[in-house]
Amino acid sequence: METLASAMRRENRRFKPPSSSSASASAALSSGRVPLVMAFLSCLAWLYVAGRLWQDAQTRMILSGLLEKSSGNLPKVLSVEDKLRNLGCIGIGRKIAEAEMDLTKAKSEGYLWGNGTATGSSDKKKLLAVIGVYTGFGSRLKRNTFRGSWMPRGDALKKLEEKGVVIRFVIGRSANRGDSLDRNIDDENRRTKDFLILESHEEAAEELPSKVKFFFSAAIEAWDAEFYVKVDDNINLDLAGLIEMLEARRSSQGLYMGCMKSGGVPLDINFNFRGQQWYEPEWWKFGDSKTYFRHASGALFILSNNLARYININSASLQSYAHDDISVGSWMMGLNTTYVDDDRLCCGSSRQEKVCSHA
């Protein structure tokens with residue numbers, strides 16, 4: 001029994017579990033390895049990132065070298081001239097600049113190149129004059145009176161045109177397009193063929209200042225003439241005398257002809273003369289003296305070809321005032337214009353040789 005007990009004690013000592021001090025040492029050893037592993041992984045990550053950055057830097061250097069070789073010594077910011085040189089367009093650029101200079105010069109002289117109506121664009125001789133007689137929807141009796149007096153009609157009108165003088169009644173369209181007013185004018189024009197109908201103009205008393213722009217634009221686009229004449233519908237013309245006057249000035253440019261006048265600017269909105277309202281809404285633009293500048297009377301005035309063409313080209317930007325004669329006078333002030341003050345064009349004068357008179 002004692003021997004058996006001794007043997008069991010020896011076995012127990014042989015298989016005795018480790019002490020607490022041994023377990024602590026093992027845990028410490030295991031926890032010390034974690035930082036080493038993390039440090040090793042961090043080193044690997046750093047090496048990877050550094051390698052990628054170095055590789056990207058190398059790639060950028062290669063691309064930069066290729067770009068410098070392909071672009072040569074061009075500046076970073078290219079001017080228009082550099083771009084044209086690169087594209088081989090210097091010659092084209094010079095031609096464009098020259099064309100712009102020609103166009104600017106042409107406009108300043110009252111011409112528009114390339115539209116087939118500039119001076120010298122055709123071998124055909126110019127007409128002497130286009131005479132536009134203002135009329136309205138209610139002026140049929142006046143028109144018939146003119147046709148039976150100083151204004152030719154029918155075949156006589158055609159023969160006059162062959163001699164270089166065109167006469168037309170000038171009228172716009174009704175505010176209600178296509179109504180009986182428009183239809184009556186169209187019917188009359190089909191019979192007489194002596195109208196210049198301004199399709200873009202509304203025929204109304206308040207639109208009269210803008211009518212002059214439409215008239216000169218439409219007339220110069222329809223006929224190439226030396227002179228363009230505007231006449232009111234209460235004026236009788238000495239047609240032969242007017243033709244003689246214009247023939248003496250054929251081929252003249254920059255002429256603004258009429259019965260020149262000036263006068264006070266009407267400030268009273270209720271002011272009227274001969275049954276017409278004369279109030280000038282833009283009166284404050286005429287200075288402290290409130291006096292109109294020198295201009296041709298609206299009853300009859302004449303513009304040479306280049307001045308009429310100037311109005312056609314710049315009509316969209318020209319300021320209109322309360323009266324068409326004031327408007328035209330203001331446009332002429334800024335141009336190299338020759339004013340011709342001829343009292344034969346003063347329809348209210350007592351001179352015997354005048355070419356117009358009040359009907």
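We use all heavy atoms of the structure for the numbers below, so side chains are in, but hydrogens, waters and symmetry mates are not.
With hydrogens and angles disregarded, a donor-acceptor distance shorter than 3.5 Å links the side chain of Arg183 to the backbone of Gly178. Looking only at distances, a side-chain donor or acceptor of Lys211 sits under 3.5 Å from a matching main-chain atom of Val170. Listed for the Asn305 side chain is a donor-acceptor partner under 3.5 Å among the backbone atoms of Ala225. The closest donor-acceptor contact from the side chain of Ser330 to the backbone of Ser327 lies under 3.5 Å. Distance alone, capped at 3.5 Å, places no donor-acceptor pair between the Asn189 side chain and the Ile185 backbone. Without hydrogens or angle criteria, Asp179 side chain to Asp182 main chain gives a donor-acceptor distance under 3.5 Å. For Trp223 (side chain) and Ala129 (main-chain N/O), no donor-acceptor pair under 3.5 Å exists by modelled atom type. Panel note: side chain Lys213, backbone Leu318; a donor-acceptor pair is recorded below 3.5 Å. Asn306 places no side-chain N or O within 3.5 Å of a backbone atom of Gln253 that could act as its donor or acceptor partner. Side-chain N or O atoms of Glu203 include one that pairs as donor or acceptor with a backbone N or O of Gly172 at under 3.5 Å.
More than 12 heavy atoms of other residues, nucleotides or ligands shown are found within 6.0 angstrom of CD on Glu207. No more than 12 heavy atoms of other residues, nucleotides or ligands sit less than 6.0 Å from atom CG of Asn336.
Atom CG of residue Leu127 and atom CD of residue Glu162 lie 11.5 Å apart, to the nearest 0.5 angstrom. Note: Leu335 CG to Ile311 CD1 = 8.5 Å, rounded to the nearest 0.5 Å. Atom-to-atom distance recorded for Ser174:OG and Glu202:CD is 7.5 Å, nearest 0.5 angstrom. To the nearest 0.5 Å, atoms CG (Leu198) and CD1 (Ile171) are separated by 9.0 Å. Atom CD1 of residue Ile326 and atom OG of residue Ser320 lie 12.0 Å apart, to the nearest 0.5 angstrom. Rounded to the nearest 0.5 Å, atoms CE (Met151) and OG1 (Thr145) are 12.0 Å apart.
Between Cys356 and Cys347, the two SG sulfurs come within 2.5 Å of each other, short of that mark.
In summary, Arg153 and Asp155 do not engage in a salt bridge, as defined by a charged side-chain N under 4.0 Å from a carboxylate O. Taking a cutoff of 4.0 Å between a charged side-chain nitrogen and a carboxylate oxygen, Lys193 and Glu161 do not qualify as a salt bridge.
Contact record, Pro209 with His323: CG-N, 4.1 Å, taken as the closest heavy-atom pair. For Asn236 against Ser149, the heavy-atom pair with the smallest separation is OD1-OG, 4.4 Å. Nearest heavy-atom pair across Ser304 and Phe227 is CA-CD2, 3.9 Å.
For the pair Leu237 and Val133, the minimum side-chain heavy-atom distance is 4.5 Å or more. Counting heavy atoms from C-beta outward, Val130 and Arg168 have side chains that stay 4.5 Å or more apart. Residues Trp150 and Leu242 form no side-chain contact, since every pair of their non-hydrogen atoms from C-beta on lies 4.5 Å or further apart. Using a 4.5 Å heavy-atom threshold, the side chains of Arg140 and Asn184 count as separate. In this structure the side chain of Lys261 reaches within 4.5 angstrom of the side chain of Asp325, judged on heavy atoms.
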Self-check item: Step-by-step side-chain contact (heavy atoms from CB on, under 4.5 Å) determination, Leu307 to Leu255
Solution: CA-CA 8 Å; Leu307 296 182; Leu255 293 186; 5.6 Å; no

Quiz item: Stepwise, does the side-chain contact (heavy atoms from CB on, under 4.5 Å) test hold for Val355 with Asp342?
Solution: CA-CA 10 Å; Val355 300; Asp342 194 326; over 6 Å; no

Exercise. May I have the step-by-step check of side-chain contact (heavy atoms from CB on, under 4.5 Å) for Leu239 and Ile131, ending in yes or no?
Key: CA-CA 10 Å; Leu239 191 57; Ile131 302 174; 3.8 Å; yes

Exercise. Apply side-chain contact (heavy atoms from CB on, under 4.5 Å) to the pair Ile313 and Tyr310, showing each step before the final yes or no.
Key: CA-CA 5 Å; Ile313 294 171; Tyr310 171 84; 5.9 Å; no

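Checking Arg143, Arg147, Glu188 one by one against Asp194, the side-chain contact (heavy atoms from CB on, under 4.5 Å) holds for a single residue, Arg147. Exactly one residue among Met257, Met260, Lys354 makes a side-chain contact (heavy atoms from CB on, under 4.5 Å) with Leu345. That residue is Met257.
Leu160 is not connected to Leu196 by any chain of hydrophobic side-chain contacts under 4.5 Å among Ile, Leu, Val, Met, Phe, Trp and Tyr, and they are in different clusters. Linking Ile, Leu, Val, Met, Phe, Trp and Tyr whenever their side-chain heavy atoms come within less than 4.5 Å puts Val165 and Ile235 in one cluster. In the hydrophobic clustering of this structure, Val166 does not group with Leu128; members are Ile, Leu, Val, Met, Phe, Trp, Tyr whose side-chain heavy atoms approach within less than 4.5 Å, directly or through other members. Both Val229 and Leu157 sit in one connected hydrophobic cluster of ILVMFWY residues. Membership requires side-chain heavy atoms under 4.5 Å apart, directly or through other members. The hydrophobic cluster containing Leu303 does not contain Val231, counting ILVMFWY residues as joined when their side-chain heavy atoms lie under 4.5 angstrom apart, directly or transitively.
Classified by interplanar angle (parallel below 30°, tilted 30° to 60°, perpendicular above 60°), the ring pair Phe215/Tyr134 is perpendicular. Ring geometry for Phe169 versus Phe146: interplanar angle under 30°, hence parallel rather than tilted (30 to 60°). Between Tyr256 and Phe301, the angle of the ring planes goes over 60°, which puts this pair in the perpendicular group of the 30/60° scheme.
Side chain to side chain, Arg309 and Asn312 fail the donor-acceptor criterion of an N or O pair below 3.5 Å.
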